[in-house]
Amino acid sequence: MTTRREMMKTVALSALALPMLSQTGWAAPLSSMNELRKEFDIPPVPDADDPDFWSRIRDQFMLRKDEVFFNTGTMGAMPRVVVARMTEHLHVAASNLAEWDYVADGDMMSGYFPYEGIRTKAAKLMNVDMSELSLTENVTMAMSFVCMGLQLSKGDEVITSDQEHPGGKSSWQAREKRDGIIYREMKISKPAHSPQQVFADIVVNSFTKKTKVLVLSHVISGSGAILPVKEICAEARKRGIFTVIDGAQAFGMIPLDIHDIGCDAYVGCFHKWVLAPSGNGFLFIRKDRAPEISTTIASSQWDNHVDEGFRFTQRGTGSLTLLHGLEAALDFTNEIGQDKILARIKFLGKYLRDELRKLPKVKMYSPSDENMCAGITVYNVDGWTGPKLQELMWNRDKLRPRSSSDIHGLRHSTHIYNSIAEIDRCLKIIREIAV
Ligand SMILES: Cc1ncc(COP(=O)(O)O)c(C=O)c1O
């Protein structure tokens, strides 16, 4: 008899095999992590005291072995279990659609249901209540929901830094044009020298009586600087300023406790450091502030003030396959242990920075204070540009850090699929041009 695994393999090779998939039955629950691992030949997650722990974690990914990916800051690489879970759901959805009766807990499309299970898993990892958390498509959408939903009048001031990502700042600029609010960017040094300096730049030198909103990255995408958002939010709160933190580069890279930060809203994503498929973002709004944010994308839950997180999650028909991928990525995080993942990210990032700092021609844009750094390192070499360095890394040794016009030099993200040996390959190239 054909096993399901054999069926999946056959499907990958031949469209003729598609009719066989209906044998899986719509009613069959999607596989658990352990079943998936067996079914798709994915090795179990190794024990943490295994000496080869991280190299065996690397085997959990489909990234090609002859290429090295250092661009998690743009998009994370999905583990095999995430791909398997999505593949399984796609096949079920494509073959068994007629069996679906659209019951409230139906498992075919996203956009209309509250997904409490997934939201609870994510909420636990960032210390918020499930009802405060919404699933959005990305960070841009989450930020736009806050920005467009907040009651602001002409002359009200929004303060942010001069190093925000377009997905974090553009909605505020759009409101400046539409409603006459005042959008102000405060300069913070690059590299940021200390949390105290950032605090002074943002709080002491910027807040005025007109300031109504503070928008700030938790981790600056173009330098990797971790900002003292807790201290800044506390000052803003004293002045009645609504605080929105952009955690696109934070969740999954550094420990995150949103209630401890004390912000009113926090936007982020799962498709970078949490290794979920792209198209998975989130929005947190504190319980007591959520009713103030009016609905931008409206369906039947537009006025739901019991589960406010559902109000912003509901956005019309979407891909449930992506949410299955998200859930598998959260399960994968929990399987390994979030603490271990964060420690490994920091360990690799610090190794890279320590070595780069020894080279006289290297200009670092990441902070010199290691407490302000984790998995993102940004640097340049005298006489080089970011795009040229990016090209050199790829042409010489198939290494893929990232450069772009908004990044000074090269941005190097390190995650659990990276290794010291891979970082050494980059350093070898940089040493040749930077001594
Ligand atoms: C700090 C920051 N904010 C916002 C975004 C936009 O994220 P998304 O593409 O998920 O909307 C990014 C993307 O890199 C980012 O780094």
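Whatever order the structure lists them in is the order used to number ligands and atoms, beginning at 1.
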Cation over ring face, R400 and W394, 6.0 Å, 45°: yes
F347 six-ring face occupied by K350 cation (under 6.0 Å, within 45°): no
Protein contact of atom 13 (C) of ligand 1 - nearest heavy atom, named by residue and atom, plus distance: K272 NZ, 3.0 Å
For ligand 1, the portion of M141 having any non-hydrogen atom under 4.0 Å away: neither
Ring center gap for H259 and F284 short of 6.0 angstrom: yes
Proximal atoms of ligand 1 relative to S221 (non-hydrogen, under 4.0 Å): 16 (O)
Heavy-atom nearest neighbour in the protein, as seen from atom 5 (C) of ligand 1, with distance rounded to 0.1 Å: H165 ND1, 3.3 Å
Winner among L216, N138, D246 once heavy atoms are compared against atom 4 (C) of ligand 1: D246
Side chain, backbone, both or neither: the part of V139 lying under 4.0 Å from ligand 1 by heavy atom: both
Ring geometry between F270 and F282 (parallel below 30°, tilted from 30 to 60°, perpendicular above 60°): tilted
Plane angle bin for Y417 and F69 - parallel if under 30°, tilted between 30 and 60°, otherwise perpendicular: tilted
Partners meeting salt bridge (charged side-chain N to carboxylate O under 4.0 Å, His left out) with D264 (sequence neighbours left out): R237, R286, R289
Residue Q249 vicinity, atoms of ligand 1 by number, heavy atom under 4.0 Å: 14 (O), 16 (O)
Contacting atoms of ligand 1, where contact means under 4.0 angstrom from a heavy atom of T140: 6 (C), 8 (P), 11 (O)
T120 side chain to M130 backbone, donor-acceptor under 3.5 Å: no
Structural part of H271 in contact with ligand 1, heavy atom criterion under 4.0 angstrom: side chain
